[in-house]
Amino acid sequence: MESQDQAMSADEIALYDRQIRLWGLKAQEKLRSANILLITFKALANEVAKNLVLAGIGTLTIIDDAVVTEEDLGAQFFLTQDCIGQNRAQAAAPAVRSMNPRVQVFADSSNISTKSPEFFSQFDVTIATELDITTYNTINAACRISGRSFYAAGLHGFYGFVFSDLIQHNFVIERSKSNVPSPTQETLTRRILNITTKREGDKIIEMVTKQEVYTPLILANTSPLPAEFTRLPRRKKQVTPLLSCLRALWEFQKTQGAMPSFSQHDLQLFTKLSREAHQELQLDISTLDSAFLRTFLQNLGTELSPVAAFLGGSLAQDVINVLSAREHPLQNLLLFDGERSIAPTYPLHPIFPEDLPNAMPAVAPAANVIPLNGKPGLGPV
């Protein structure tokens, strides 16, 4: 992330006064220099853009090659009837820009698959929404090669997900000084790098620098659940079957090239893939019943504003935390089930013979990024 050439003006400090009080001037300056890429501008991306632009990021680039349809008007608030037939990114950009004229907003109407891996190196964070698993994986690999943070997210009616791959992320939290020594390795993926103290009145505050390491989506999607979720029968039943259905959906898309329909063939194949994913995760098969499968399929491809608001707000807040290097970041898959009003987070990582921080590869294999039809660009993984 590049530093700003000039310090924040008095007007900017006044504009962002409430945020500065919340996370500090230095954090706001980091946001001010951030360059964000947002891919596919539908309901979920609307919410992400709104929150990031109002927070005062430096630059937002929206890329979407689709045109606005009547269906887009149902769950999006940056588009109007007059936008129908126009490119979705270009049509929405003026309304996004008007929310905070201090933020530079650019619209790109090209297809994301035409972009070379180097394209993603210019952005501090890439947020890919409403794409297929192959495209997610390819963009994730390109971001890893450049050492850039990556998020994938999507909506399916009452259901949705957010995935994060920050590669290796350092952040600082403040807490009251404890008399109990802190373990160097807090979790499989998180360790403490440094602890300093400061005095605030009668209290001693610890400034704890931590580091999280991450797994790319291509590996997380085939990784087991941590033992804490599968060790006890009671915990197994608490894991949402949405995880199995999401993995089945992505596998279906890879093999069939489309979303499952309600044809007998698609229903049988999707059910088979869901059950296989459920068993691979070592979950109780009774939690994946026909009612949930039917409801999940009925929600595919639809957008609901309340779900978009929750997921978009959660994603944007995590991006803000990451950019400002404060608070614990998402690690690494957030699922939202609107039917049951739950939003669990699952840390999904491969099992290595050594500890994860030392064994995790720095980047995804370069072979995952290949030309498309012989031309420079992002090809299938």
Side-chain angles (χ1 to χ4, degrees), residues 1-34 36 48 50-58 100 102-103 124-125 149 151 162 164 166-214 226 228 309-310 312-332 334 341-347 355-358:
M1 199 182 304
E2 297 179 359
S3 60
Q4 286 288 301
D5 294 328
Q6 298 179 344
M8 292 184 67
S9 66
D11 287 345
E12 286 179 292
I13 293 175
L15 176 64
Y16 301 122
D17 177 67
R18 292 180 64 185
Q19 297 173 187
I20 292 172
R21 290 173 186 270
L22 181 63
W23 51 61
L25 182 60
K26 289 184 179 180
Q28 189 63 47
E29 288 176 339
K30 290 179 180 179
L31 289 180
R32 181 176 178 254
S33 68
I36 309 297
V48 174
K50 177 194 72 176
N51 285 283
L52 292 179
V53 167
L54 290 177
I57 60 170
N100 189 349
R102 294 182 182 276
V103 177
D124 299 299
V125 179
S149 297
Y151 287 85
V162 176
S164 65
L166 310 181
I167 307 175
Q168 182 172 286
H169 176 64
N170 295 353
F171 60 100
V172 178
I173 64 165
E174 294 186 19
R175 67 187 186 192
S176 298
K177 182 174 175 57
S178 173
N179 294 325
V180 180
S182 299
T184 301
Q185 195 74 38
E186 289 192 325
T187 69
L188 187 65
T189 60
R190 184 172 66 244
R191 63 192 179 105
I192 293 177
L193 300 179
N194 184 42
I195 300 178
T196 59
T197 59
K198 65 179 181 179
R199 183 174 291 277
E200 292 184 355
D202 296 331
K203 294 182 178 180
I204 298 178
I205 303 299
E206 290 184 332
M207 311 287 288
V208 185
T209 302
K210 301 184 180 185
Q211 182 180 86
E212 282 273 10
V213 293
Y214 283 77
E228 64 188 272
F310 174 83
S314 299
L315 198 167
Q317 186 57 59
D318 200 68
V319 171
I320 291 170
N321 289 342
V322 167
L323 292 172
S324 59
R326 297 176 63 87
E327 307 301 330
H328 289 96
L330 171 64
Q331 177 65 278
N332 56 359
L334 168 69
S341 298
I342 58 173
T345 299
Y346 301 109
D355 61 292
L356 184 62
N358 293 329

| query | Between N194 (side chain) and T209 (backbone), is there a donor-acceptor pair under 3.5 Å? | reply | no
| message | Checking the side chain of Q331 only, and the main-chain atoms of S164 only, is there a donor and an acceptor separated by less than 3.5 Å? | response | no
Would you mind reporting whether [Y] and [X] have side-chain heavy atoms less than 4.5 Å apart?
X    : Y    : value
Y151 : V125 : yes
T196 : K198 : no
K210 : T187 : no
S182 : I195 : yes

Could you grab the distance from atom [atom1] of [X] to atom [atom2] of [Y], nearest 0.5 Å is fine?
X    : Y    : atom1 : atom2 : result
I36  : I57  : CD1   : CD1   : 5.0 Å
R191 : E186 : CZ    : CD    : 11.5 Å
N100 : L52  : CG    : CG    : 11.5 Å
L330 : L315 : CG    : CG    : 8.0 Å
I205 : K177 : CD1   : NZ    : 11.0 Å

| field | Member of H328, R326, Q211 meeting the side-chain contact (heavy atoms from CB on, under 4.5 Å) criterion with F171 | value | H328
| remark: Per side-chain contact (heavy atoms from CB on, under 4.5 Å), S314 is matched among V162, T345, V48, L334 by L334
| Do you know the tightest heavy-atom contact between V322 and S149? | CG1-OG, 4.5 Å
| request: List the atom of A55, the atom of I320, and the distance in Å for their closest heavy-atom pair. | output: CB-CD1, 3.7 Å
| message | Evaluate N332 against T189 for side chain to side chain contact (heavy atoms under 4.5 Å, CB included), listing each step before the verdict. | response | CA-CA 10 Å; N332 56 359; T189 60; over 6 Å; no
| note | When R190, Q168, H169 are each screened for side chain to side chain donor-acceptor pair (under 3.5 Å) with E212, the one that passes is R190
| task | State which residues pass salt bridge (Lys or Arg N to Asp or Glu O under 4.0 Å) with E327; sequence neighbours excluded, sorted by chain then number. | result | none
| message | Which residues pass the side-chain contact (heavy atoms from CB on, under 4.5 Å) test with N51, not counting sequence neighbours? | response | E47, A316
